[in-house]
Protein chains: 2
Amino acid sequence: MRSRVTLADVAKRAGVNVSTVSRSLNQETAGQVSKATVKKIRKIADEMQYSPNTVARGLRTRKSMTIGVIVPDLTNPIFPPIVRGVDSVLFSRGYSALVVNTDNSAEIENALFDSLMERQVDGLIIATGHTERSMIAKYHNQGVKAVLVNREASGVPFPSVIGDDAAGIAAALEHLAALGHKKVLHLAGPTVLSTASVRSIAFTNTAKRLGLTTKIIKATALSVSAGEIAMNKFLEANPKSVTAVLAGNDLLALGVFHALRKHGLRAPQDISVIGFNNMPFSEDFSPSLTTVSAPHFEMGVESARLLINQIEGKVTSPRKITLPVTLVVRESSGPVPKR
Amino acid sequence: MRSRVTLADVAKRAGVNVSTVSRSLNQETAGQVSKATVKKIRKIADEMQYSPNTVARGLRTRKSMTIGVIVPDLTNPIFPPIVRGVDSVLFSRGYSALVVNTDNSAEIENALFDSLMERQVDGLIIATGHTERSMIAKYHNQGVKAVLVNREASGVPFPSVIGDDAAGIAAALEHLAALGHKKVLHLAGPTVLSTASVRSIAFTNTAKRLGLTTKIIKATALSVSAGEIAMNKFLEANPKSVTAVLAGNDLLALGVFHALRKHGLRAPQDISVIGFNNMPFSEDFSPSLTTVSAPHFEMGVESARLLINQIEGKVTSPRKITLPVTLVVRESSGPVPKR
DNA sequence: CTGAAAGCGCTAACAG
DNA sequence: CTGTTAGCGCTTTCAG
């Protein structure tokens, strides 16, 4: 803890009361002080290298200027862009972010929530799809301001920012249909994750509309290894029963690649593969991955804006922001194989 | 800001003084209170859902229990593991991390440093190689506790945690030499970055020891695009003058892949490529990348330990921790092409 | 326009 | 073992 020089030090040197220094240094209250003294005090404060103590100010104003950002796992590559988007607006408004990882554990999430509250965060940005109703209720009961990002939030008392998953899934399936695919597998994430269930439902609806024959399998997590395990099992049980697979996200799609390789199959020659998120480096995979690009940075930006508006009592913001997604066609999807 | 129920509330309800409540609730001071009252007070505090206000405590104790973590860019995939390593030990010791991104700008780093100081962080973990001497001096002059991670720190007044870059480079070059390569290119990062210059020096030394003919070119940043640009330029000027390239990190190696593709060359058939870091998904690139694996999570762990020891005045920790690295051989490196 | 005083919630002497 | 007192550094009435 630094804070070598305090308001009192500056006040003494300037021969005025601390309150005058406080008023002079704060933008909003500087008008209450004569221009001359403001100028003089600012000069002295500069010379003394005064820098305010945010902690002390927060105690008094009941605003920590700190936001809690709850993510499942920062090493999942979709979260760094979200966090940076959040950060970019927070920083410009004078806030800082306390980023915590839940590893999809409700227990950990609870502990982290308590820790963030003890630190008096002014609000929460919640990027954990796993969050259960009960936890959301807990947040709300404590009067916390929060915004949900990258998770569906119907019937929940917080605004949310999401990508248009349904449109993304539709675009992916239409792309496959246009390539001649009739039998498509959906490798879904665990349904406790809201994005997984939204995408799964969209898959079923769109496939029906397009007249596709479908199979759905579930991975136990949104990870490469879970995707690989699920796809291996599928390939052993149902070889060659589909010509394309739409994965719930890019990590699962990568797991599919691994499973295909293990079974001597190639994408797209044997099976087309499509992911979701357009995570960093998905263009460098082997083959490069066709996927649905979601605007993660912008999602972070919008969620932070929503939260700050809420905190600072600005005009009522929208309850839900849906950002457009786009299909990025690369090597992993191709025409249905001729047999 | 929550903090619905305060120490005073609990004290009133328990019919004791706030200080007794404070002592009872704090592990270290609970011994000063009779077991009976401790038990009673804890029960009441529980019932009232008391939760301490870290901000108020920090003001009094001059410890914010908050650490600033300064990284260049969280979307560079080596940093999330470091941050999670840091976080894992911080959290278990009751600290939280304020993570900030400098985007390699000294100006931004300065502003962020001030912001962190105003927030009264108890210490800093600095992962920005770019940090200039002057900034380090500034940190030190302000009496800040800090640890440097993933950057060389000779002649600097802070402990540091690094990977054994020299050994990694040596292992990579020995691997290439064993495959028959005689002419090797080093695609270095900008020398203002300490890791880049360390690796560059190690490259020169080891190559000399192994009797290799070398060329060195520099990328303007440790990024895919900078690597691609530099490698394109090299290939246009000196086609087929080397049979292998050792990149300063995996992102540069990826840039090399792009440049090779553009010039109709393949790795490893035409040129072998080796990266550094073993960043996530480097095994899924096309081809999978031979690279030096650095223990980023552990580096985060060790740096956090060092910092906390420093803060809590524990036994004098080592000034420098060097963690071992290992060469991971994958598809991108192979025998020297026969012509 | 400026000063005095109070107090945010907590811990740490100092007494008893 | 417990209560009293005094602030940490800051903002905000309330006077004047």
Side-chain angles (χ1 to χ4, degrees), chain A residues 1-42 44-45 48-66 94 117-122, chain B residues 1-42 44-45 48-66 94 117-122:
Chain A
M1 306 269 286
R2 289 290 70 50
S3 232
R4 299 273 318 99
V5 21
T6 73
L7 270 193
D9 298 329
V10 178
K12 193 188 294 174
R13 173 90 157 265
V16 297
N17 189 279
V18 285
S19 54
T20 303
V21 180
S22 171
R23 291 184 190 112
S24 303
L25 262 26
N26 275 348
Q27 200 61 45
E28 309 80 44
T29 49
Q32 305 169 20
V33 182
S34 81
K35 285 220 195 295
T37 37
V38 168
K39 197 171 166 187
K40 172 179 134 202
I41 288 176
R42 292 209 167 153
I44 294 179
M48 300 179 73
Q49 305 209 55
Y50 169 76
S51 111
N53 181 326
T54 310
V55 171
R57 176 182 300 173
L59 182 60
R60 179 64 233 235
T61 60
R62 303 167 151 281
K63 278 210 62 185
S64 64
M65 299 304 282
T66 303
M117 286 301 115
E118 290 177 6
R119 292 191 132 77
Q120 315 300 121
V121 295
D122 297 330
Chain B
M1 306 269 283
R2 291 290 70 52
S3 230
R4 300 274 316 100
V5 21
T6 72
L7 270 194
D9 298 330
V10 178
K12 194 188 295 176
R13 174 91 156 263
V16 297
N17 190 281
V18 285
S19 55
T20 303
V21 180
S22 172
R23 291 183 190 111
S24 303
L25 263 27
N26 274 350
Q27 200 62 43
E28 308 80 43
T29 50
Q32 306 169 19
V33 182
S34 81
K35 284 216 193 293
T37 37
V38 168
K39 196 171 166 188
K40 171 179 136 203
I41 287 176
R42 291 207 168 156
I44 294 180
M48 300 179 74
Q49 305 209 55
Y50 169 78
S51 111
N53 181 329
T54 310
V55 171
R57 175 182 302 171
L59 183 59
R60 181 64 235 234
T61 59
R62 301 166 153 282
K63 278 211 59 185
S64 63
M65 299 304 283
T66 303
M117 286 302 115
E118 291 178 6
R119 293 192 133 78
Q120 315 300 121
V121 294
D122 297 330

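Numbered from 1 within each chain, the chains take letters A, B, ... in sequence-line order.
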- Message: I want to check one thing: is the phosphate of C/dT11, taken as OP1 and OP2, less than 4.0 Å away from some side-chain N or O of B/Ser22?
- Response: yes
- Message: I need the CD-P distance between B/Gln27 and C/dT11, as an integer number of Å.
- Response: 13 Å
- Task: Please state how far atom CE in B/Met65 lies from atom C1' in C/dT11, giving the value in whole angstrom units.
- Result: 15 Å
- Message: Determine whether a donor-acceptor pair (N or O, by modelled atom type, separation under 3.5 Å) exists between the side chain of A/Ser51 and the backbone of B/Glu118.
- Response: no
- Atom CD of B/Glu28 and atom P of C/dT11 are separated, to the nearest Å, by 10 Å
- Of all the nucleotides listed (D/dC10, C/dT11, C/dG9), which has the minimum atom distance to the side chain of B/Asn53? C/dG9
- Could you point out which residue of A/Val38, A/Ile41, A/Thr37, A/Thr29 forms a side-chain contact (heavy atoms from CB on, under 4.5 Å) with A/Arg23? A/Thr29
- Query: Could you state the CD1-C1' distance from A/Ile41 to C/dG3, rounded to the nearest angstrom?
  - Reply: 12 Å
- Task: Write down the distance between NZ (A/Lys63) and P (D/dT12), rounded to a whole number of angstrom.
- Result: 12 Å
- Message: Using a 4.0 Å heavy-atom cut-off to protein, can you give one letter per nucleotide of nucleotides 1-8 of chain D, 5' to 3': B if the base is in contact, S if only the sugar-phosphate is, - if neither?
- Response: SBBB-BBB
- Rounded distance in Å - CD (B/Glu118) to C1' (D/dC10): 13 Å
- Between A/Lys12 (NZ) and D/dC10 (P), how many Å, whole number? 14 Å
- Rounded to whole Å, CG of A/Leu7 lies from P of D/dT11 at a distance of 6 Å
